[in-house]
Structures are given as C-alpha cells and as structure tokens.
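First comes the structure, then the notes that go with it.
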Amino acid sequence: DAMVIQNPRYQVTQFGKPVTLSCSQTLNHNVMYWYQQKSSQAPKLLFHYYDKDFNNEADTPDNFQSRRPNTSFCFLDIRSPGLGDAAMYLCATSRDRAAETQYFGPGTRLLVL
Amino acid sequence: DQQVKQNSPSLSVQEGRISILNCDYTNSMFDYFLWYKKYPAEGPTFLISISSIKDKNEDGRFTVFLNKSAKHLSLHIVPSQPGDSAVYFCAASATGGTSYGKLTFGQGTILTVHP
C-alpha cells in the first residue's frame, strides 16, 4: 500500500541531545511537510519541501532543521531539544501545493527528559 | 491570530443521529478546505474536501457544506456510528498569498458517538 511512514513511533531523548526523526513516502509526491502538534492544539507547520526547494516558516526555531536527500525521504533534525519540544511530530505529503490533499503519517511522539 | 476556528471543543451524539461539526475562517484567500479525523496516537486521516467553487461535496455518510459569504463550513455525518468517535480537524489552504499550499488547522472538535 502506498503510504507515509514515520520512524520511530516513539522517541525519548535527553535535554540538549540531538535527535533525528525520519519520514518516508511511497506516494511519489513532490511536497513533504513537517508539523508539530502539542496536546489539544492544532498541528503547526514547521517547514516543507517542494521537490528540493526548502521553505521554512518564519516562526520555526533555528533549533529545527530538515533534510530531504531524495523524493522518498525527509528528516527532521532537532539540534538541542528542550523540554518545550516534547510533542507529536507529523510528516505529510501532497502531490502539489495548490488545492491538494495532504496525507499524513502516523507521527512520532517525542519525549525530552 | 487564529485564522481557522472550531468553536466547539466537543460534541456528543447518539448512534444513528446526525453529527454536525462547524468551522469558521477569517482569511478570504482560503479556497480549499479539508476535514481530517484523528484517533489518539495516530496521524490525521483525510476525510473529505471542498473547493471554493462548490458549496457542497458528499462522500458516503460525510457531507461538507461551504458558505463563503459567512466564511463557514460544516461537516455532516449521517448516520453517526461509534467508530466515528475521534477528533475532527478542519483545515484550509490558499492557491495564492502567504498561505499558498499550506494547511492552516482549527483546534479540533472531539466527537463522541454513544451506542
């Protein structure tokens, strides 16, 4: 089945220890997104890739970075996680940007100790 | 500045009845709207969408209505089933402006369908 896959589903890291979350897709979509969702809040867009073109949201902290080595994979790097970065991180893809449905992965729950 | 609002945090409905979830938006550039369903510890699942050129879109038990003049959309689920119990998110995007290609989500409404 074509899908969006996120690994791991749960990640525990220590305060200040770099962590990488991964996302892969078999949909061959051009666009990949990373969202952060905290409890009882709406998902918040961090950044997205349109093909190889990286688009950062203005309010995304510098602590968050992303890599997209090829069409299928996209990584979220948190350089120095703080307690406030504990959240669900959602990856999504869409065929294009305009008027297109985004398809989400199951998410990675990040816990910072 | 919350551009997409779901003013009802929760909704409780009897099985077999209609569930109506509401969503309001403020950005007049939004022209594509979606509803997602989310179970705990899972990612949002796409349910149904509507373009601003339409005022209704139907898919099985799910119907989305769009009232552009009121900047309001709603999701109707008929008949409601216990398996529909989840958090429902409304989302909007635009084909131009600063919201181009980005989804802006509402806060979500928790739907509980009682047997």
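Order of the sequence lines fixes the chain letters, A, B, ..., with proteins taken first and strands second; residue numbering starts at 1 for each chain.
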Side chain, backbone, both or neither of Tyr33(A) within contact of chain B (heavy atoms, under 4.5 Å): side chain
Answer yes if Phe64(A) and Phe15(A) sit in the same cluster of Ile, Leu, Val, Met, Phe, Trp and Tyr residues linked by side chain heavy atoms under 4.5 Å apart, and no otherwise. yes
Hey, what do you get for NZ (Lys102(B)) to OH (Tyr35(A)), rounding to the nearest 0.5 Å? 10.0 Å
ILVMFWY cluster, Leu21(A) and Leu45(A) together (side-chain gap under 4.5 Å): no
Checking Tyr32(B) against Thr101(A) for the side-chain contact (heavy atoms from CB on, under 4.5 Å) test, could you report, in this order, the C-alpha distance in whole Å, the side-chain angles of both residues, the deciding distance, and whether it holds? CA-CA 9 Å; Tyr32(B) 189 65; Thr101(A) 300; 3.3 Å; yes
Would a single hydrophobic cluster contain both Ile77(B) and Leu11(B), if residues Ile, Leu, Val, Met, Phe, Trp and Tyr are joined by side-chain heavy-atom contacts under 4.5 Å? yes
Going from NZ on Lys38(B) to CE on Met88(A), what distance comes out if it is rounded to the nearest 0.5 angstrom? 4.5 Å
Residue pair Ala42(A) / Gly106(B): nearest heavy atoms and the distance that separates them: CB-O, 3.0 Å
Which heavy atom in Gly43(B) sits nearest to a heavy atom in Leu90(A), and how many Å separate them? CA-CD2, 3.8 Å
Measure Glu57(A) against the heavy atoms of chain B and call it side chain, backbone, both or neither at under 4.5 Å. side chain
Does Tyr36(B) use its side chain to pair, donor to acceptor, with the backbone of Tyr103(A) at less than 3.5 Å? no
What part of Leu34(B) gets closer than 4.5 Å to chain A, counting heavy atoms only: side chain, backbone, both or neither? side chain
